[in-house]
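This report concerns only the one structure given below.
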Amino acid sequence: MADPKGFMTTPREEYPRRPVEERVRDWNEVYVPGALLPIIRSQADRCMDCGVPFCHEACPLGNLIPEWNDLVSRDDWRAASDRLHATNNFPEFTGRLCPAPCESGCVLAINQPAVTIKNVEVAIADRAWADGFTPPSPPERLSGRTVAVVGSGPTGLAAAQQLTRAGHTVAVYERADRIGGLLRYGIPAFKMEKRHLDRRLEQMRAEGTKFRTSTTIGRDLTASELRTRYDAVVLATGATAWRELDVSGRELSGIHQAMEYLPFADRVCEGDLEVSPLSAAGKHVVIVGGGDTGADCLGTAVREGAASVTQLDIYPQPEDERDHDIEPWPTYPKIYRLSAAHEEARDLETAPTAHADARVFAASTLHFTGDARGRVRSLHLVEVDAGRRPVPGSGRTLPADLVLLALGFSGPDRHDGLIDQLGLALDTRGTITRDAGFATNVPRVYVAGDAARGQSLIVWAIAEGRAVAAAVDRALTGASNLPAPIGPYDRPMTA
């Protein structure tokens, strides 16, 4: 490490966000442009270069974090980029979107604020693009083997890039009109501007990866036709079957799934629409679900000019600090976190009847009521205890012109017919089963990402893509030099 005393002399300093009043008037990323580089070297100096770096274990990609922290602290950005890209195809994505379980596993975090690993990562990635350290890496020779990747989210893109670089001819199929999956239509632009995605896709095209948009496998191209055309098929369709809320009044208009709402805002930013048909402008919005997708809806509704926005979380409000008895280091703890969207809601007071940041904790939706035209007008909720039992006398009503359901996902979507046409086996969760080599019960068909693992983080998605690429490469050629950071049955550390 460049500064052996850095973790003792330098306090943690994070990437500063733009003022709330400024950033809610646009869709640009929330951070102050250029503000990271002046502080990042001293932040990298805080890395202890500990003998057993648990940040490696906490990250499924196995990122070489102490190595690139040291290189950044020494101002060797090219070498830092090489070490970062050795384990991660898309660090500019993870540096913006990952909740950073690596920081929870930082040894310094045992009794001090962790190293700002995520900020160092995105600084390296952005510097690498600015300085030309990420040229296309086409293969020296082609294998003569062909692979179809179905789905263009982080799992599909990582698998495609790895297989292309190994010399296989790869085509990525996407049912939407643009490549990117939820990175394109789901993640709001204020969390990651789409130019980062477009730039990486251009690199992949230059390497030889082919992209086929507006193609739904199972309808536009049958599963059997796909298997006939390619030597191997990788399914990376994600877990897009959203969970429902089975309460009275659900049939009222104005109640939508989060993933019906969020893509329209992304299309406005892409220039496809002037105004979202589900715009929250002037409406009282209630978001049911306390996770990241709900927070994305919150930030989007604020930018659209909602009259009020409230987010309901069925879980009790977490503590500010880790409970070392229940969630000991280095696990990822459930603590109170203030996302950029929640900070905006707090400062703008979007939900006067909620807690400080628009969230109502320990809240369960009882039913909806509407007007004579069948439109939702109110949501009725009740407070629940730790066992999710209603607390007597705690019921109340919120005005609601637009309700967004952000309750997570249960598995891959079956409406396109792909799963049934292939005859894929499913487990009790509704996800696709696979063996230790990522292979399904159908010969030459593999599955990776949320479609098999279930709803997870972007770092796990990329790790799955890299691992399934190694498995497919080995099956096609008899051996593989591609890294396989995880196995299909690996799971995050838990207490």
Side-chain angles (χ1 to χ4, degrees), residues 1-7 9-10 12-16 29 31-109 113-137 154 158 161-162 165 192 195-197 199-200 203-204 207 458-459 462-463 466 483 485:
M1 49 186 166
D3 183 357
K5 297 182 179 180
F7 67 94
T9 60
T10 304
R12 177 181 170 107
E13 186 175 359
E14 297 189 44
Y15 201 165
E29 290 178 11
Y31 296 103
V32 177
L36 188 56
L37 286 178
I39 66 172
I40 206 62
R41 287 182 61 188
S42 61
Q43 291 303 301
D45 271 339
R46 297 185 69 241
C47 180
M48 302 165 63
D49 195 17
C50 48
V52 183
F54 272 83
C55 55
H56 286 193
E57 183 65 26
C59 175
L61 286 165
N63 280 332
L64 306 172
I65 295 164
E67 294 184 31
W68 40 258
N69 275 330
D70 179 66
L71 291 165
V72 167
S73 70
R74 298 176 188 276
D75 207 28
D76 191 345
W77 292 92
R78 180 181 290 275
S81 174
D82 290 343
R83 302 311 289 151
L84 178 58
H85 282 91
T87 58
N88 187 352
N89 296 72
F90 314 122
E92 66 272 33
F93 301 169
T94 53
R96 288 174 166 83
L97 303 176
C98 181
C102 54
E103 294 187 15
S104 297
C106 174
V107 172
L108 187 59
V115 174
T116 55
I117 298 171
K118 179 176 174 179
N119 286 179
V120 178
E121 178 181 30
V122 77
I124 297 170
D126 288 351
R127 182 69 178 265
W129 282 106
D131 291 353
F133 298 155
T134 54
S137 299
Q161 185 166 63
Q162 292 293 93
R165 289 176 171 178
M192 188 183 81
R195 59 188 176 88
H196 302 294
L197 173 60
R199 184 172 54 189
R200 189 61 78 169
Q203 180 198 54
M204 293 180 66
E207 292 171 350
I458 185 172
V459 279
I462 296 173
R466 290 171 67 85

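Hydrogens, waters and symmetry mates are skipped; everything else that's a heavy atom, side chains included, is used.
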| field | Check: Asn89 main-chain N/O paired with Arg200 side-chain donor or acceptor under 3.5 Å | value | yes
| message | Quick check: closest heavy atoms across Ala123 and Ile40, and the distance to 0.1 Å? | response | CB-CG1, 3.8 Å
| message | Quick check: closest heavy atoms across His56 and Leu64, and the distance to 0.1 Å? | response | NE2-CA, 3.8 Å
| said: Determine whether a donor-acceptor pair (N or O, by modelled atom type, separation under 3.5 Å) exists between the side chain of Asn119 and the backbone of Tyr15. | reply: yes
| said: How close do Asp76 and Ala79 get, counting heavy atoms only, and between which atoms? | reply: OD1-N, 3.3 Å
| note | Interatomic distance, NE2@His196 vs CD@Glu92, rounded to 0.5 Å, equals 8.0 Å
| Is a donor on one side and an acceptor on the other found under 3.5 Å between the side chain of Arg12 and the backbone of Ala114? | yes
| query | Where do Asp82 and Leu71 land on the side chain to side chain contact (heavy atoms under 4.5 Å, CB included) test, with the steps shown first? | reply | CA-CA 10 Å; Asp82 290 343; Leu71 291 165; over 6 Å; no
| message | With rounding to the nearest 0.5 angstrom, report the CG to CZ distance, Asn69 to Arg41. | response | 13.0 Å
| task | Kindly indicate, with the supporting measurements, whether the criterion side chain to side chain contact (heavy atoms under 4.5 Å, CB included) is fulfilled by Leu36 and Tyr31. | result | CA-CA 9 Å; Leu36 188 56; Tyr31 296 103; over 6 Å; no
| message | Whether the side chain of Gln203 engages the backbone of Pro136 through a donor-acceptor N/O pair (distance < 3.5 Å, no angle test) should be reported. | response | no
| note | Note: Cys98 and Pro101 closest approach over all heavy atoms is SG-CD, 3.6 Å
| task | Check for a donor-acceptor pair, side chain of Glu103 on one end and backbone N or O of Ile117 on the other, with a separation under 3.5 Å. | result | yes
| task | Would you sort out whether Leu197 and Met192 count as a side chain to side chain contact (heavy atoms under 4.5 Å, CB included), showing the intermediate values? | result | CA-CA 9 Å; Leu197 173 60; Met192 188 183 81; 4.3 Å; yes
| field | Nearest-0.5 Å distance that lies between atom CZ in Phe133 and atom CG in Leu84 | value | 12.5 Å
| query | What are the two closest non-hydrogen atoms of Val72 and Ala80, and how far apart are they? | reply | CG2-CB, 4.0 Å
| task | Find out whether Ile65 and Cys102 are in side-chain contact, i.e. whether some heavy atom of one side chain is under 4.5 Å from a heavy atom of the other. | result | yes
| query | Which distance, rounded to the nearest 0.5 Å, do you find between the CZ of Phe7 and the SG of Cys47? | reply | 10.5 Å
| When you look at Arg466 and Leu61, which way does the side chain to side chain contact (heavy atoms under 4.5 Å, CB included) test go after all the steps? | CA-CA 9 Å; Arg466 290 171 67 85; Leu61 286 165; 3.9 Å; yes
| query | Looking at CD1 of Ile39 and CD of Glu14, how far apart are the two atoms once the value is rounded to the nearest 0.5 Å? | reply | 8.5 Å
| Side chains of Arg165 and Gln162: is there a donor and an acceptor less than 3.5 Å apart? | no
| said: According to salt bridge (Lys or Arg N to Asp or Glu O under 4.0 Å), does anything in residues 113-124 pair up with another residue at least two apart or in another chain? List the pairs. | reply: none
| field | Glu207, CD atom: more than 12 neighbouring heavy atoms under 6.0 Å | value | yes
| request: Would you please name every residue forming a side chain to side chain donor-acceptor pair (under 3.5 Å) with Ser81, sequence neighbours left out? | output: His85
| task | Could you pull out all residues at least two apart from Arg96 that satisfy salt bridge (Lys or Arg N to Asp or Glu O under 4.0 Å)? | result | Glu29, Asp126
| field | Test item: Thr116 and Glu13 side chains (from C-beta on) under 4.5 Å apart, heavy atoms | value | no
| request: Would you please say whether a donor-acceptor pair under 3.5 Å links the side chains of Trp68 and Asp70? | output: no
| query | Can you tell me how far the CD1 atom of Ile462 sits from the CZ atom of Phe93, to the nearest 0.5 Å? | reply | 7.5 Å
| request: Measure across Gly34 and Pro38 and return the closest heavy-atom pair with its distance rounded to 0.1 Å. | output: O-CD, 3.3 Å
| request: Decide yes or no for Arg46 and Leu108: does some side-chain heavy atom of the first lie under 4.5 Å from some side-chain heavy atom of the second? | output: yes
| field | Side-chain donor-acceptor pair present, Thr94, Asn88, cut-off under 3.5 Å | value | yes
